[in-house]
Amino acid sequence: FISTVLGALTMFIHPSYFKVIDGTDGYRTYANSINELINTIGTNLESTIHQFLIFDNIVIMTLISIFMFIYYYKNKQNYKARNKKIVTLLFIYQLLYINYTLVYHFNPDWRILLSYTSIFNTLISILYCIIILLTTYLIYPKKDLGKILLYYIIIIGLVAPLCVVTPIGGRNFFVIYILEVMLVCTLYKYSNLKIENLITKISCFSLLVLTTYYVSVYGYIHYVDMKRLNYIVEQNNLGNTEIDVPVLPYKEYIHGEGNFADEYYGPIYKMAYNLNLNINFNFIPYEEWKIKINN
């Protein structure tokens, strides 16, 4: 906890964050009025935070609920009757939430409340967080409670600043995701399942599959990117200033989707490869671009 606080202080006293405060950053901004603050918080929660923190982390959230339930089931004789009823209701909500997120991700076009679906997803995700906190408080003894709540406190501390600044994206949640994985490992430890060998085998297999997958994705992106760069340099050397370039495959895996035609990235890209600054890039689908250059 102390390391987290010191790390946060070190990060926020960096000069670049003062530029955000005085409005000269040019990229990040923060709310400077009550109305803007409320709008920013609502927008960030709805568009980004609830998704990367909870809604899209189906496996993490499922494991958290499962390990909590296993612990509760093994120790249910230690709880008062009233607490048992409350905890049962909390687990029912967790089950409903997880099933809803599964159905939603299998059918992302489903709009249960039409245009209000995104707001609905945000609200039930916030409620899920509250229920996870309440469940933790009710089922774990004080000797273990502090260790678990520490993860929640740190995660909340990391999420809070993201509510009031723009823009934010998936990369802002990398450390939070690691903390969620550590939380799952801690809850597994308290569940006393003793299946380390099985988990090790599953983890190794999953790592192999994921490594193969990402190598194939980024390997193909790199191949097309190098092919595109060689074509751009060739056209630049011929003196052409209107150049058709392909959209990179798997663009959702690339920061900025590999687009370097805007007013910010365009000049940087051109100067990096000594290109004519007057070149205009026209992005077209990769398959269409292949046909064009082969004709």
Side-chain angles (χ1 to χ4, degrees), residues 41-73 86-140 148-149 151-156 158-160 162-163 167-188 190-191 193 199 202-203 205-207 209-210 213-214 217 250 252-253:
I41 291 174
T43 301
N44 287 354
L45 284 173
E46 180 185 349
S47 65
T48 309
I49 293 176
H50 90 274
Q51 293 179 333
F52 289 105
L53 182 64
I54 311 161
F55 198 78
D56 288 345
N57 291 340
I58 302 174
V59 175
I60 294 292
M61 296 304 117
T62 302
L63 290 176
I64 287 175
S65 293
I66 288 175
F67 292 143
M68 279 186 168
F69 180 77
I70 291 172
Y71 182 90
Y72 168 74
Y73 186 79
I86 295 174
V87 171
T88 299
L89 291 175
L90 297 178
F91 277 123
I92 289 174
Y93 180 84
Q94 292 177 43
L95 180 63
L96 291 173
Y97 177 82
I98 290 170
N99 277 278
Y100 171 75
T101 57
L102 283 170
V103 172
Y104 187 89
H105 284 89
F106 276 115
N107 185 17
D109 294 326
W110 179 38
R111 294 293 180 265
I112 188 172
L113 292 179
L114 303 178
S115 60
Y116 296 98
T117 300
S118 180
I119 297 175
F120 175 73
N121 292 345
T122 303
L123 293 176
I124 63 173
S125 296
I126 293 173
L127 181 57
Y128 178 81
C129 286
I130 295 172
I131 283 177
I132 286 293
L133 281 168
L134 187 55
T135 306
T136 302
Y137 179 77
L138 289 175
I139 70 174
Y140 288 99
I148 300 173
L149 290 179
Y151 288 110
Y152 297 144
I153 293 170
I154 297 173
I155 290 173
I156 292 172
L158 292 172
V159 170
L162 299 178
C163 292
I168 60 173
R171 64 186 184 277
N172 299 111
F173 294 84
F174 181 71
V175 174
I176 295 171
Y177 182 77
I178 293 175
L179 287 168
E180 289 179 339
V181 172
M182 293 172 65
L183 172 61
V184 168
C185 294
T186 301
L187 295 177
Y188 163 74
Y190 291 141
S191 67
L193 282 178
I199 290 178
I202 293 174
S203 299
F205 177 75
S206 301
L207 181 62
V209 171
L210 287 173
Y213 172 72
Y214 282 112
V217 167
Y250 305 111
E252 65 273 17
Y253 288 85

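Values below: all heavy atoms of this structure, side chains included; hydrogens, waters and symmetry mates excluded.
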Mind listing the side-chain donor-acceptor pairs of residues 61-68 below 3.5 Å, one per line with the distance, residues two or more places apart or on another chain?
unit_1, atom_1, unit_2, atom_2, d
Thr62, OG1, Ile58, O, 2.7
Ser65, OG, Met61, O, 3.4
Ser65, OG, Gln94, OE1, 2.6
Ser65, OG, Tyr128, OH, 3.0

Tell me every residue that passes side chain to side chain donor-acceptor pair (under 3.5 Å) with Tyr93, counting only those two or more places apart in sequence or in another chain. none
What closest approach, in Å, do Thr117 and Ile112 show between heavy atoms, and which atom pair accounts for it? OG1-N, 3.3 Å
Parallel, tilted or perpendicular, judged at 30° and 60°: which one describes the rings of Phe91 and Phe69? perpendicular
Where do Asn99 and Leu95 come nearest, in terms of heavy atoms and distance? ND2-O, 2.7 Å
Taking the six-membered ring for Trp, are Tyr100 and Phe120 parallel (under 30°), tilted (30 to 60°) or perpendicular (over 60°)? perpendicular
Donor-acceptor side-chain pairing of Thr135 and Tyr140 below 3.5 angstrom: no
Considering all heavy atoms of both residues, which atom of Thr101 and which atom of Phe55 are nearest to each other, and what is their separation? CG2-CE1, 3.4 Å
Between Glu46 and Thr122, do the side chains contain an N or O donor and an N or O acceptor separated by less than 3.5 Å? no
Does the pair Ile54 and Ile132 meet the rule for a side chain to side chain contact (heavy atoms under 4.5 Å, CB included), with working shown? CA-CA 11 Å; Ile54 311 161; Ile132 286 293; over 6 Å; no
Does Tyr177 OH have over 12 foreign heavy atoms under 6.0 Å away? no
Has Arg111 got a side-chain atom pairing as donor or acceptor with Pro108's backbone, closer than 3.5 angstrom? yes
Quick one: does Asn172's side chain have a donor or acceptor within less than 3.5 Å of a partner on Gly169's backbone? yes
Report the relative orientation of the aromatic rings in Tyr104 and Trp110; use parallel for angles under 30°, tilted for 30 to 60°, perpendicular for over 60°. tilted
Any non-hydrogen side-chain atom of Tyr71 less than 4.5 Å from a side-chain atom of Leu187? no
Under the 3.5 angstrom rule, does the side chain of Asp56 hit a backbone N or O of Phe52 as a donor-acceptor pair? no
Taking atom OH as the centre, does Tyr214 end up with more than 12 heavy-atom neighbours from other residues, nucleotides or ligands that are less than 6.0 angstrom away? no
Only one of Leu90, Ile131, Ile148 passes side chain to side chain contact (heavy atoms under 4.5 Å, CB included) with Thr136, and that residue is Ile148
